[in-house]
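Notes to accompany the following structure.
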There are 2 protein chains.
Amino acid sequence: MLHSRTAASRLLRCATRWQHSSAQPTLNSITSDDIAHFAQFLPQNAILSTLSPISVPPSEIEQYNTDWMGKYRGSSTTVLRPQTTEQVSKIMKWCHERRIGVVPQGGNTGLVGGSVPLKDELILSLSNMSKVRSFDPVSGALVADAGCILESLTEYIAPHDHIMPLDLGAKGSCQIGGNVSTNAGGLRLLRYGSLHGSVLGLEVVLPDGTILDNLSTLRKDNTGYDLKQLFIGAEGTLGVVTGVSILTPAAPRTVNNVILALPTFENVLPLFKLAQQHLSEILSAFEFIDRTAYELAVKHGQGKGLSDEEIEGAECFVLLETSGGKKEHDEEKLNILLETLLESDQPLITTGVLSQSPAQFVSLWKLREGVPEAVSKEGKTYKYDISIPIASFKEVVDATREQLRRKGLLHEDAVRHVIGYGHVGDGNLHLNIAAAAYTPEIESALEPFVYELVASYKGSISAEHGIGAMKTHAIHYSKSGVAINLMRRIKQVFDPHGIMNPRKVLE
Amino acid sequence: MLHSRTAASRLLRCATRWQHSSAQPTLNSITSDDIAHFAQFLPQNAILSTLSPISVPPSEIEQYNTDWMGKYRGSSTTVLRPQTTEQVSKIMKWCHERRIGVVPQGGNTGLVGGSVPLKDELILSLSNMSKVRSFDPVSGALVADAGCILESLTEYIAPHDHIMPLDLGAKGSCQIGGNVSTNAGGLRLLRYGSLHGSVLGLEVVLPDGTILDNLSTLRKDNTGYDLKQLFIGAEGTLGVVTGVSILTPAAPRTVNNVILALPTFENVLPLFKLAQQHLSEILSAFEFIDRTAYELAVKHGQGKGLSDEEIEGAECFVLLETSGGKKEHDEEKLNILLETLLESDQPLITTGVLSQSPAQFVSLWKLREGVPEAVSKEGKTYKYDISIPIASFKEVVDATREQLRRKGLLHEDAVRHVIGYGHVGDGNLHLNIAAAAYTPEIESALEPFVYELVASYKGSISAEHGIGAMKTHAIHYSKSGVAINLMRRIKQVFDPHGIMNPRKVLE
């Protein structure tokens with residue numbers, strides 16, 4: 001049943017794709033006249049274009065046209081970098097009238113090709129909108145331009161003893177507007193929840209240039225439909241997020257982390273239960289790294305690993321973090337957990353290393369956070385980011401490796417590694433396949449195989465990375481036809497001409 | 001400027017209202033033919049109607065037609081109590097085709113008239129859909145029929161050491177579907193966040209009978225627009241919530257509470273900051289009760305109060321709760337806070353009473369939770385539920401009392417008490433006015449006065465109660481024209497014939 005539905009859907013997709021690539025009837029390319037119009041209200045340094053009269057060399061546009069993995073590449077001629085919401089509004093109004101496609105771009109750190117053009121759409125970079133608008137240290141409400149870099153915001157509120165409710169590997173370049181637009185999850189979700197809970201308000205420029213000012217700093221506001229929720233995770237297809245109001249939690253006074261080596265994957269689940277019981281409210285991360293991921297991280301210098309002796313017989317690793325208000329209390333809770341783990345008749349772990357200094361704390365985290373970079377050094381990476389029951393993490397990694405082996409693709413010139421890591425606490429596995437190159441053979445061995453596997457667990461084919469350009473054809477594995485139809489109709493309400501981030505999320 | 005906008009808006013409202021009450025052209029009344037149709041797929045005990053052939057006396061419909069405050073009253077002839085989602089779907093399909101207005105009703109504990117008909121709409125009671133569908137003790141994901149009573153769910157998961165992420169005074173009768181539809185806040189929001197964060201998925205019957213099955217149990221799922229968010233807080237105007245999947249947190253192993261008497265309101269804010277610093281992750285409630293509210297609660301037997309001596313000179317009270325994983329740790333943190341409070345040069349509190357037993361714990365909570373009931377015993381209550389900066393709580397209560405005094409309405413035969421209580425941690429004040437009766441004079445003294453006051457603080461005119469029938473004319477005090485227009489267009493997508501809970505939320 002699943003197969004026949006899939007087959008029909010794929011046929012349909014091919015047809016749709018063909019139409020898109022041949023005709024593109026509804027959207028217009030940018031011309032020199034458009035550039036002249038933008039120059040009326042934008043400073044010269046806010047316009048980058050290969051068109052006259054700006055005429056920069058294409059190389060200056062290159063970084064905006066390409067995603068950081070080198071997997072998606074557009075052919076845009078023009079990047080605009082407005083400094084104010086009003087400028088964004090004027091740009092959108094013009095593009096709406098002229099039917100020009102617009103791709104909003106934050107730090108361009110996405111993993112599904114959502115932030116680069118697929119054709120010659122205008123690129124609207126938010127990088128020049130990077131001011132903090134306000135911060136209230138009593139309520140923790142932070143209001144910032146969309147282009148603020150996540151790490152800069154973390155630094156801005158640190159003196160007030162607050163932290164951002166999200167943290168991710170790309171924090172040094174990703175922007176808060178992009179975080180919101182992709183509903184970024186990251187490393188703190190277990191403790192502080194998703195952006196659907198912590199975003200208090202948004203300022204959004206709608207596709208026709210209308211400004212929706214919903215930048216509330218209120219924690220509670222039940223006056224009508226919660227419109228901001230639609231933009232969280234819409235990947236810039238409903239409007240341009242220009243401002244974000246977000247609830248920042250009080251900084252913990254003390255943090256600890258510990259890396260645990262497990263003899264078998266089967267121990268992850270009981271370990272997670274035990275950690276929840278002993279650490280309860282101070283448990284702030286419970287991250288999983290399989291053996292291959294660990295070894296790649298160590299190989300590429302991502303944090304000092306455990307000694308050879310310590311990892312002997314380990315099938316996987318767990319990085320566990322606590323964040324709390326009182327050092328002695330947290331350490332006591334953590335020590336009791338470690339004693340329980342080591343002293344039981346059938347120990348769940350072979351080794352546990354508790355960080356003893358801030359430097360070691362960072363080093364342990366680097367092991368986990370450095371995995372994506374380490375994998376990228378092994379070749380091109382196919383990244384699948386899925387939600388499935390925790391107990392099935394290993395099953396899925398093994399089944400994928402076996403599928404590639406069956407197809408004769410598991411060797412140095414094709415697929416080099418199949419690894420799994422991710423956020424156990426959130427049921428979110430990152431399944432990475434490091435290959436010598438992106439090839440049609442590997443892709444067709446992986447898709448729809450991975451999506452069907454995920455669907456068989458009633459999982460999500462995109463836990464936190466989004467749909468972007470990569471998974472538009474696969475959204476039906478996680479969402480029903482009824483839901484997709486409603487999404488289309490909502491898209492139609494906001495963006496009747498289809499100019500916002502075209503061909504992303506919904507085909 | 002505000003005033004002229006308001007005046008124009010009020011004029012418009014009068015016109016709109018007049019149209020509604022005179023013509024009501026689009027919706028049809030229920031007839032015996034409709035009853036005959038429903039009887040084809042509903043058991044007889046699922047149909048209550050004053051129409052033939054059922055012909056129950058109107059008194060049997062009364063409780064469904066009236067809200068619990070006795071403030072809103074409809075004239076519906078028919079209540080349907082389906083047992084399955086499919087039955088709900090069939091009902092909606094018929095009503096969609098026949099243009100019959102439908103009011104979904106949960107526990108009917110709402111405070112803004114959202115769950116009773118305003119005319120003769122069909123009442124769709126979810127009370128017969130009250131089964132738990134599944135519970136996963138590892139992830140904490142609970143899936144339940146919309147008609148499950150909040151307290152029953154709490155009891156269901158208690159043996160697994162989990163708790164519901166929300167708790168409110170009406171827990172014994174409110175239903176989880178109604179909680180979701182009104183985005184109920186309640187007493188645990190400070191700790192566990194809003195339903196926008198904790199609801200994992202919903203099953204909704206759309207106005208045309210289509211079933212939107214989005215009952216995911218995944219913590220993370222970024223596959224397209226997060227449709228469920230639209231139904232959270234939509235007060236049944238976009239569809240009928242029939243099933244809820246919700247993330248339930250692990251139960252704390254130990255809870256404590258303490259009541260603090262404050263000599264002046266000015267101390268609330270510094271006290272809140274200190275409590276956050278000392279209790280950080282274990283602080284689970286920080287509730288405010290003003291002196292009048294406290295006295296009414298004690299007068300009407302809601303919990304044993306403090307002694308006369310203990311409350312001498314207190315202007316207001318704070319009820320503070322901690323929830324944590326280790327008794328000794330939590331008590332130590334709490335004791336250090338209390339010592340700091342009492343031993344400082346200018347003590348922020350005059351008295352602090354820490355509960356010493358489960359009975360005393362309940363008794364202290366009863367003081368706070370019993371306030372609404374106590375106020376209701378003093379007469380009819382005008383309830384305003386607002387979000388404003390914490391520092392302005394007292395200012396707003398005092399200004400409202402002064403306004404009523406100025407209008408000559410502050411006496412035994414008109415307004416008896418003006419009180420304030422609520423959730424300091426969430427910036428949410430409940431402003432209650434206890435009056436001898438609901439009268440036009442009192443209402444016009446209060447409105448738009450209160451709404452304008454809230455708007456002057458950029459607050460929300462409905463923090464957690466919703467808009468319902470009570471505040472449709474006032475939504476513009478908290479939401480812009482752009483936002484309201486988008487809400488109307490979204491309503492149009494879901495409910496083109498306007499049959500879902502007509503005249504609620506949006507006029």
Side-chain angles (χ1 to χ4, degrees), chain A residues 138-139 182-183 185 193-194 196-197 210 212-214 218-227 229-230 232-234 250 252-253 269 273 276 279-282 324-326 329 333 387 390 426-428 459-467 475 478-480 482-484 486-487 489-490 493 505, chain B residues 138-139 182-183 185 193-194 196-197 210 212-214 218-227 229-230 232-234 250 252-253 269 273 276 279-282 324-326 329 333 387 390 426-428 459-467 475 478-480 482-484 486-487 489-490 493 505:
Chain A
V138 174
S139 67
T182 53
N183 189 26
S194 89
H196 286 290
T210 304
L212 175 65
D213 177 4
N214 191 208
L218 305 170
R219 182 136 186 197
K220 289 158 88 172
D221 176 23
N222 279 355
T223 53
Y225 311 147
D226 197 352
L227 295 174
Q229 301 289 351
L230 280 176
I232 301 174
R253 290 185 169 185
L269 209 53
K273 291 275 321 173
Q276 285 181 307
L279 305 175
S280 70
E281 71 278 0
I282 63 167
K326 205 164 166 65
H329 290 175
K333 287 183 179 111
S387 282
I390 305 168
D426 316 332
N428 179 189
S460 169
I461 60 148
S462 189
E464 58 179 11
H465 293 173
I467 296 293
I475 191 170
S478 291
K479 288 288 156 67
S480 68
V482 171
I484 295 169
L486 280 173
M487 289 181 204
R489 291 169 67 195
I490 286 169
V493 165
V505 183
Chain B
V138 174
S139 67
T182 54
N183 188 27
S194 89
H196 286 289
T210 304
L212 175 65
D213 176 4
N214 190 209
L218 306 171
R219 182 137 185 197
K220 288 158 90 172
D221 177 22
N222 279 355
T223 53
Y225 311 148
D226 196 352
L227 296 174
Q229 300 290 351
L230 280 175
I232 301 174
R253 291 184 168 185
L269 209 53
K273 291 277 318 175
Q276 284 181 306
L279 305 174
S280 69
E281 71 277 2
I282 62 168
K326 203 162 167 67
H329 290 175
K333 287 184 179 109
S387 281
I390 305 166
D426 316 332
N428 181 187
S460 169
I461 60 149
S462 189
E464 59 178 10
H465 294 172
I467 295 292
I475 192 171
S478 291
K479 287 289 158 65
S480 69
V482 171
I484 295 169
L486 280 173
M487 289 180 204
R489 292 168 67 194
I490 287 169
V493 165
V505 184

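Below, chain A is the first sequence line, B the second, and so on; all start at residue 1.
- Atom NZ of residue B:Lys220 and atom NE2 of residue A:His465 lie 8.0 Å apart, to the nearest 0.5 angstrom.
- With a 4.5 angstrom heavy-atom cutoff, B:Ala234 touches chain A via backbone and side-chain atoms both.
- A distance-only check finds a donor-acceptor pair linking the side chain of A:Glu281 to the backbone of B:Gly325 [under 3.5 Å].
- Contact tally against chain B (heavy-atom pairs below 4.5 Å) for A:Ser460, A:Ser194, A:Ala483: the top residue is A:Ser460.
- Proximity of B:Lys479 to A:Asn214: side-chain heavy atoms (C-beta onward) are separated by under 4.5 Å at one or more points.
- Contact count versus chain B (heavy atoms, under 4.5 Å) is highest, among A:Lys273, A:Lys333, A:Gln276, for A:Lys333.
- Proximity of B:Val482 to A:Asp213: side-chain heavy atoms (C-beta onward) are nowhere separated by under 4.5 Å.
- Side-chain contact between A:Asp426 and B:Leu218: absent, with no pair of heavy atoms (C-beta onward) separated by less than 4.5 Å.
- Looking at heavy atoms from C-beta onward, B:Thr223 lies in side-chain contact with A:Ile467 at the 4.5 angstrom threshold.
- With hydrogens and angles disregarded, no donor-acceptor distance shorter than 3.5 Å links the side chain of A:Asp221 to the backbone of B:Ser387.
- Listed for the A:Asn222 side chain is a donor-acceptor partner under 3.5 Å among the backbone atoms of B:Glu464.
- Going from atom NE2 of B:His329 over to atom CD1 of A:Ile282 covers 8.5 Å, rounded to the nearest 0.5 Å.
- The two residues A:Ser480 and B:Leu212 come nearest to each other via the heavy atoms OG-CD1, 4.5 Å.
- Highest contact tally toward chain A, considering only B:Val493, B:Leu269, B:Ile232, B:Val505, is held by B:Val493 [criterion: heavy-atom pairs under 4.5 Å].
- For B:Ser280, the part lying under 4.5 angstrom from a heavy atom of chain A is the side chain only.
- Between the NE2 atom in B:His196 and the CD atom in A:Gln229 there is a gap of 5.0 Å [rounded to 0.5 Å].
- For the pair A:Leu227 and B:Met487, the minimum side-chain heavy-atom distance is below 4.5 Å.
- Between A:Asp226 and B:Leu230 there is no side-chain heavy-atom pair separated by less than 4.5 Å.
- Both the backbone and the side chain of B:Asn183 come within contact range of chain A, each with at least one heavy atom under 4.5 Å from a heavy atom of that chain.
- Between B:Ile390 and A:Val138 there is a side-chain heavy-atom pair separated by less than 4.5 Å.
- Interface remark: B:Leu279 contributes no atoms to any contact with chain A (heavy atom separation under 4.5 Å).
- Put simply, of B:Gly427, B:Pro252, B:Gly197, B:Gly224, the one with the most heavy-atom pairs under 4.5 Å next to chain A is B:Gly224.
- For chain A, the option among B:Ser139, B:Gly324, B:Ala250 with the highest count of heavy-atom pairs below 4.5 Å is B:Gly324.
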